[in-house]
**Q** 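Input: one structure, supplied below.
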Amino acid sequence: MAGAEGDDSLYPIAVLIDELRNEDVQLRLNSIKKLSTIALALGVERTRTELLPFLTDTIYDEDEVLLALAEQLGSFTVLVGGPEFVHCLLPPLESLATVEETVVRDKAVESLQKISQEHSPVDLEVHFVPLVKRLASGDWFTSRTSACGLFSVCYPRVSSTVKAEIRQHFRTLCSDDTPMVRRAASSKLGEFAKVLELDYVKSDIIPLFTALASDEQDSVRLLAVEAGVSIATLLPQEDLEDLVMPTLRQAAEDKSWRVRYMVADKFSELQKAVGPEITKNDLVPAFQNLLKDCEAEVRTAAANKVKVFCESLPEDSRETIIMTHILPCVKELVSDTNQHVKSALASVIMGLSTILGKDNTVEHLLPLFLVQLKDEYPEVRLNIISNLDCVNEVIGIRQLSQSLLPAIVELAEDAKWRVRLAIIEYMPLLAGQLGVEFFDEKLNSLCMAWLIDHVYAIREAATCNLMKLVEKFGAEWAQNTIVPKVLGMANDSNYLHRMTTLFCINALSEVCGQEITTKHMLPVVLKMSTDQVANVRFNVARCLQKIGPVLDSSALQADVKPVLEKLATDQDMDVKYFALEAISVLDLA
């Protein structure tokens with residue numbers, strides 16, 4: 001009997017071995033994802049003595065299976081018996097940290113970082129640090145790149161002798177022969193610097209940073225830029241100028257555009273890290289150069305940062321710096337040859353108006369907005385329109401309407417329907433800013449013209465727009481200005497326009513209320529039930545169903561019910577279907 005029990009307890013491992021040898025990758029993947037269940041069935045001791053050795057020995061599979069395994073092992077501490085046995089998880093993860101596929105290695109490193117926190121300081125030195133050293137001095141570059149991500153997690157919790165060894169290993173990897181390893185070291189340099197004592201940051205990290213930032217490979221140099229920003233936050237102000245700035249200045253003028261792009265991309269973080277004085281003396285000229293860079297990608301990244309950079313300038317000299325140094329560059333970018341540069345600038349340029357105030361905005365920024373509103377690329381125009389409200393706050397609606405409104409009207413009639421659509425979606429906001437008189441005078445006719453646009457998406461958006469306008473300006477306004485025009489379209493010779501009348505009534509009935517709907521809209525809908533076109537007739541049925549709840553019961557019984565009953569006997573299948581649906585929903589049967 002005991003023998004049978006013994007066989008029984010071997011069962012989970014046997015099944016796992018079978019499944020992991022199966023030819024079907026999906027099956028192998030599923031069994032790896034069930035590892036925790038298998039470990040629970042085995043108990044902590046057998047997980048340590050049988051399951052983990054088995055996994056360590058058989059690590060050779062498709063990348064997705066290995067990835068799942070690397071992820072599972074990161075949360076296996078409890079299943080091997082808690083923190084005192086957590087070191088049992090190191091052998092399989094060490095193997096996974098050396099495989100060829102980067103995604104698997106990264107996940108193994110992530111799991112190792114996670115379980116390093118569960119080692120006691122003694123176990124860390126006895127088990128974890130030797131693993132990191134083995135990886136750091138492995139023959140294959142794969143293991144050495146993985147080691148780079150593990151120094152920072154064990155450094156704070158080991159003795160000073162071991163700390164010195166870790167620093168030495170990191171130094172060695174920073175000058176490794178393989179670019180991939182230097183790249184990994186460069187990407188972890190900032191992270192490692194954060195856990196080092198300040199003296200070692202100055203004596204060890206700065207020379208490594210300088211060396212990596214002038215590496216022959218641009219992929220190493222650009223990662224060093226990111227590290228430089230992190231290092232700058234750790235150093236006292238007086239050391240920045242000597243230790244970090246020369247290298248970052250050099251990076252901002254690097255021969256590779258990727259490195260310059262990285263500087264532009266990290267510019268706001270850099271500005272925060274170095275403080276106002278260095279910003280004024282060093283970063284302003286560097287930023288000007290990035291805005292004028294010969295590569296469009298760099299100009300785009302810099303253009304994206306214009307507003308944030310200007311906002312963070314020291315207040316006492318902010319306006320002067322912007323007007324003399326930044327604005328001239330911005331003026332050039334407005335007519336850049338690259339659409340992405342112009343689009344990036346258009347998404348932030350409006351923000352400058354709040355920084356520069358009314359007079360400067362009117363004199364210097366408005367002409368630029370106008371140029372961008374008329375840009376040939378829809379995205380540039382759209383980015384300007386979407387940010388009009390912040391300019392309105394600064395210069396007021398009259399000034400805004402005189403200068404920018406003609407351009408907006410032009411866009412509303414643009415040949416590209418997506419541009420027209422963007423303007424429509426912006427209309428309620430614009431209407432709210434302009435007020436009702438101004439709106440009626442300048443923009444009302446546009447909103448009505450969109451209802452008969454030849455693109456359905458525009459007609460649909462225009463209908464929705466009318467509803468939002470009525471919500472803003474009220475039912476009385478609707479009755480006087482909107483409703484008569486909408487109802488007039490019911491006699492249009494184009495059936496699409498007649499259908500738009502119905503769509504508008506659907507949208508407006510609720511916001512206009514019972515009286516207007518019953519008195520003005522309902523008679524038109526009922527009259528359209530005899531339309532020649534079946535599409536119009538079935539939309540009459542749908543419309544009656546939609547406005548039914550707004551109407552009073554006498555109108556429903558006397559007017560709506562007979563029309564729906566007639567439509568329910570229509571020749572057309574769809575008309576019949578929607579009429580019957582309306583009868584049942586409105587409970588008129």
**Q** Looking at every heavy atom in both Ala541 and Ala582, which two are closest together, and how far apart are they?
**A**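 The answer is O-CB, 3.7 Å.
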**Q** Closest approach of Lys305 and Ser268, non-hydrogen atoms and distance?
**A**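 Taking Lys305 first and Ser268 second, the nearest heavy atoms are CD-OG, 3.3 Å.
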**Q** Checking Thr517 against Leu522 for the side-chain contact (heavy atoms from CB on, under 4.5 Å) test, could you report, in this order, the C-alpha distance in whole Å, the side-chain angles of both residues, the deciding distance, and whether it holds?
**A** CA-CA 6 Å; Thr517 306; Leu522 182 60; 5.6 Å; no
**Q** Say you draw a straight line from CG of Asp265 to CZ of Arg260; how long is it, rounded to the nearest 0.5 Å?
**A** 14.5 Å
**Q** Would you say the side chain of Leu368 lies within less than 4.5 Å of the side chain of Leu345, judging by non-hydrogen atoms?
**A**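 Heavy-atom side-chain distance check fails, nothing below 4.5 Å.
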**Q** Between Arg537 and Asp570, does at least one N-O distance fall below 4.0 Å, as a salt bridge requires?
**A**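 A salt bridge is present here (some side-chain N lies under 4.0 Å from a carboxylate O).
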**Q** Could you give the side-chain donor-acceptor pairs of residues 543-552 under 3.5 Å, partners two or more places apart or in another chain?
**A**
unit_1	atom_1	unit_2	atom_2	d
Asp552	OD1	Ser554	OG	3.1
Asp552	OD1	Ala555	N	3.0

**Q** Is there a side-chain contact between Cys329 and Lys292, using heavy atoms and a 4.5 Å cut-off?
**A**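 In contact.
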**Q** Should we say atom NZ of Lys194 is surrounded by more than 12 heavy atoms from elsewhere, each under 6.0 Å from it?
**A** no
**Q** Side chain of Glu295, backbone of Glu297: donor and acceptor closer than 3.5 Å?
**A**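 Looks like no, no N/O pair under 3.5 Å.
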**Q** If I compare all heavy atoms of Arg420 with all of Ala415, which pair ends up nearest, and what's the gap?
**A** NH1-O, 3.2 Å
**Q** A side-chain contact here means heavy atoms from C-beta on lying under 4.5 Å apart; do Met499 and Val533 qualify?
**A**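 The answer is no, as the side chains (C-beta and beyond) never meet within the 4.5 Å cut-off.
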**Q** Restricting to non-hydrogen atoms, name the atom on Val483 and the atom on Met521 that form the minimum distance, rounded to 0.1 Å.
**A**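 So the minimum-distance heavy-atom pair works out to CG2-CE, 4.1 Å.
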**Q** Which ring pair (Phe, Tyr, Trp, His ring centres under 6.0 Å) pairs, counting each pair once, include a residue from residues 296-337, with sequence neighbours left out?
**A**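 Residue pairs passing ring pair (Phe, Tyr, Trp, His ring centres under 6.0 Å), neighbours aside: Phe267-Phe309, Phe287-Phe309.
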**Q** Rounded at 0.5 Å granularity, tell me how far NE2 in His497 sits from NE2 in His454.
**A**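 His497 NE2 to His454 NE2: 10.5 Å, rounded to 0.5 Å.
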**Q** Could you check if a side-chain atom of Thr530 sits within less than 4.5 angstrom of a side-chain atom of Lys566, using non-hydrogen atoms only?
**A** yes
**Q** Is Glu471 reaching over with its side chain to a backbone N or O of Val511, donor-acceptor style, under 3.5 angstrom?
**A**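 No, the answer is negative, given that no donor and acceptor are paired below the 3.5 Å cut-off.
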**Q** Between Thr463 (side chain) and Cys504 (backbone), is there a donor-acceptor pair under 3.5 Å?
**A**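 Not a single qualifying donor-acceptor pair exists.
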**Q** For Asn491 and Lys527, what are the C-alpha separation, side-chain angles and deciding distance, and is it a side-chain contact (heavy atoms from CB on, under 4.5 Å)?
**A** CA-CA 10 Å; Asn491 303 318; Lys527 186 177 163 212; 3.5 Å; yes
**Q** Just do the side-chain contact (heavy atoms from CB on, under 4.5 Å) check on Trp477 and Leu469 with the steps written out, would you?
**A** CA-CA 10 Å; Trp477 173 80; Leu469 290 173; 4.0 Å; yes
**Q** Atom CD of residue position Gln113 - does it have more than 12 heavy atoms of other residues, nucleotides or ligands inside 6.0 Å?
**A** yes
**Q** Might you work through the side-chain contact (heavy atoms from CB on, under 4.5 Å) test for Val306 and Leu291, ending with a clear yes or no?
**A** CA-CA 9 Å; Val306 165; Leu291 287 170; 3.9 Å; yes
**Q** Quick one: are Leu496 and Arg459 in side-chain contact, heavy atoms under 4.5 Å?
**A**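 They are in contact (side-chain heavy atoms under 4.5 Å apart), so the answer is yes.
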**Q** Does Glu460 reach the side chain of Phe503, with side-chain heavy atoms less than 4.5 Å apart?
**A**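 No, their side chains stay 4.5 Å or more apart.
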**Q** Please find the pair of heavy atoms, one from Leu333 and one from Ala303, that lie closest to each other, and give the distance.
**A** CD1-CB, 4.2 Å
**Q** Residues in salt bridge (charged side-chain N to carboxylate O under 4.0 Å, His left out) with Asp574, at least two apart?
**A** none
**Q** How long is the span from the CG atom in Leu222 to the CZ atom in Arg258, to the nearest 0.5 Å?
**A**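 One finds 8.0 Å between CG of Leu222 and CZ of Arg258.
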**Q** Can you confirm whether Glu269 sits close enough to Ser230 that some side-chain heavy atom of one is under 4.5 Å from a side-chain heavy atom of the other?
**A** no
**Q** Quick one: are Pro328 and Glu332 in side-chain contact, heavy atoms under 4.5 Å?
**A**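 SC-SC contact between Pro328 and Glu332 ruled out.
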**Q** So does Asn535 get a backbone contact from the side chain of Asn539, meaning a donor-acceptor N/O pair under 3.5 Å?
**A**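 Pair found, side chain donor or acceptor close to backbone of Asn535.
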**Q** CE of Met489 to CG of Asn494: how many Å apart, nearest 0.5 Å?
**A**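 The distance works out to 9.0 Å.
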**Q** If you measure from CG on Leu580 to OG1 on Thr569, what distance do you get to the nearest 0.5 Å?
**A** 9.5 Å
**Q** Under a 4.0 Å N-O cut-off, is there an ion pair linking Glu110 with Lys107?
**A** yes
**Q** Can you establish whether the number of heavy atoms outside Lys519 located under 6.0 Å from its atom NZ is more than 12?
**A**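 12 or below, so no.
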**Q** Distance from Leu421 atom CG to Trp450 atom CH2, nearest 0.5 Å?
**A** 9.5 Å
**Q** Would you call Glu226 and Lys266 a salt bridge, using N to O less than 4.0 angstrom?
**A** yes
**Q** Provide the closest heavy-atom pair for Thr500 versus Leu451 in the form atom of the first, atom of the second, distance.
**A**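 In this case the closest contact between Thr500 and Leu451 is CG2-O, 3.4 Å.
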